[in-house]
Amino acid sequence: MRLAQRIVRSKASPTTAFIPLLRQLRQAGTDVLNLAIGEPEFATPASVVTATAQALQDGFTRYDAAGGVTALRQRLAADFEGLGAENIVVTNGAKQALFSIFQTICDPGDEVILPVPCWVSFTAQVRLAGAEAVSVACRGDHQLDMAAIARAISPRTRAIVVNSPNNPTGAVYPRQTFADLASLARENDFYLVADEAYRDFVYPPHKAFDPWRLADIRDRLIVVRSFSKTAAMTGFRVGYVAAAGDLARALERLQSHLCGNVCTFAQYGALAAAGEAPWLKTWLAKLDERRRYAYAQATALFDCVPPQGAFYLFPDVRRRLAKGQSSHDFAMELLRQTGVAMVPGEAFGTPGHVRICYAVSAETLAEAFARLRKHL
Ligand code: GLU
């Protein structure tokens, strides 16, 4: 039977594809070290698990408002000066938040600017909304190329997606970058979509800038956040959008037909994770150690820019490629021959690179680099 063209033309997420692939390899006896999927190795904090179990016991197992449980929306809105609970929409992870945003702001033929490398689902999600993804390469240091972004703007531009700290590069953008983007967005009448999934993962001396502080951009700023990384809740699937004006209501309207509310008791787990997150201090210290170690190891093998946030390295592997070999082939060869799984740069719109997730145990990281060194 025939399928819709938009699905025929889209490929499955190359990051989530690793989950069944690695399971299969393990079942077949390969000793796999997973530096592919971006998921912190930490256990979900006990307070979150207890609150979720309690919510189940208390009977929060039924439908709720499509936009989310009121107590959670109120708590989340408190972080955004000028917004109320009605400006928050709780979504199935940041992934659904972004999907719904493109569905809500794009008409066919509209354009969304994506600085690349960028997270694997942006391009597919923009296209599934009938819009065009306009890729703009970042600078060699992984910061945004503002002149190139300005050149990419057209009358059809509806939004630019800014992801800081960045997946896959680990770059963190300074205040000036957001201020410049805000000016471009205002002058050319488009949205700034800020994907802040990694906002809590920034290593000293770097600091994440919160674009909500730029008061004059709030009417066109759409913020996306998630509990997946911040509270090791990847399986809960709880993220959210914060936006001024009518946008949250429009998103909620879409959600009322799409999935209704996010799992009710998972939202109560998220409520326990909102605000103070005492576990983050220890996690960040551990991740910073892994970041330094992984960066030192990676620079000995590849060309690598030091990451400032998130939990990825995105080295340029071109000097390691055999003649005619792509970074995809290279990553697959390493997986087959060493068991070390990494995501090829093609997935992020930037061939010639691989993404290494260092949010794994120190032992896994050491073993992975030992295998890579031996093989290379
Ligand atoms: N965001 C994570 C990653 O990039 C999780 C997988 C996904 O949803 O793409 O690996």
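Counting starts at 1 for both ligands and their atoms, following the listed order.
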Top protein contact for [atom], by heavy-atom distance:
| atom | answer |
| --- | --- |
| atom 5 (C) of ligand 1 | G38 O, 3.8 Å |
| atom 4 (O) of ligand 1 | R355 NH1, 2.9 Å |
| atom 9 (O) of ligand 1 | T15 OG1, 2.5 Å |
| atom 1 (N) of ligand 1 | K229 NZ, 3.3 Å |
| atom 8 (O) of ligand 1 | K95 NZ, 2.9 Å |

In this structure, does ligand 1 have an atom that sits under 4.0 Å from one of the heavy atoms of [X]?
| X | answer |
| --- | --- |
| Y198 | yes |
| E39 | no |
| F311 | no |

With sequence neighbours excluded, residues passing salt bridge (charged side-chain N to carboxylate O under 4.0 Å, His left out) with E196: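 Per chain and number, E196 pairs via salt bridge (charged side-chain N to carboxylate O under 4.0 Å, His left out) with R199, R225.
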Donor-acceptor pair, side chain of [X] and main chain of [Y], under 3.5 angstrom:
| X | Y | result |
| --- | --- | --- |
| E333 | H328 | no |
| R237 | T234 | yes |
| Y295 | V305 | no |
| T364 | V360 | no |
| T52 | V48 | yes |

Could you tell me, atom by atom, which parts of ligand 1 come under 4.0 Å of a heavy atom of W119?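 Close to W119: 1 (N), 4 (O), 7 (C), 8 (O), 9 (O).
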Ligand 1 atoms in contact with I37 (distance to a heavy atom under 4.0 Å):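 Checking each atom against I37, I get 6 (C), 10 (O).
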Indicate whether any N or O donor in one side chain lies under 3.5 Å from an N or O acceptor in the other, for Q125 and S121.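 No, no side-chain donor-acceptor contact under 3.5 Å.
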So which bit of N167 gets within less than 4.0 Å of ligand 1, heavy atoms only: side chain, backbone, both or neither?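 The answer is the side chain of N167.
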Any idea which part of Y312 is under 4.0 Å from ligand 1, heavy-atom wise: side chain, backbone, both or neither?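 Side chain only.
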Please indicate whether any nitrogen or oxygen in S13 is less than 3.5 Å from any nitrogen or oxygen in ligand 1.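 Min N/O separation from ligand 1 is not below 3.5 Å for S13.
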Taking the basic N atoms (NZ, or NE/NH1/NH2) and the acidic carboxylate oxygens, is any pair closer than 4.0 Å for R319 and D303?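 Looking at D303 together with R319, the answer is yes, because their closest N to O distance falls below 4.0 Å.
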Can you label the angle between the F42 ring and the W283 ring as parallel, tilted or perpendicular, going by 30° and 60°?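 Parallel.
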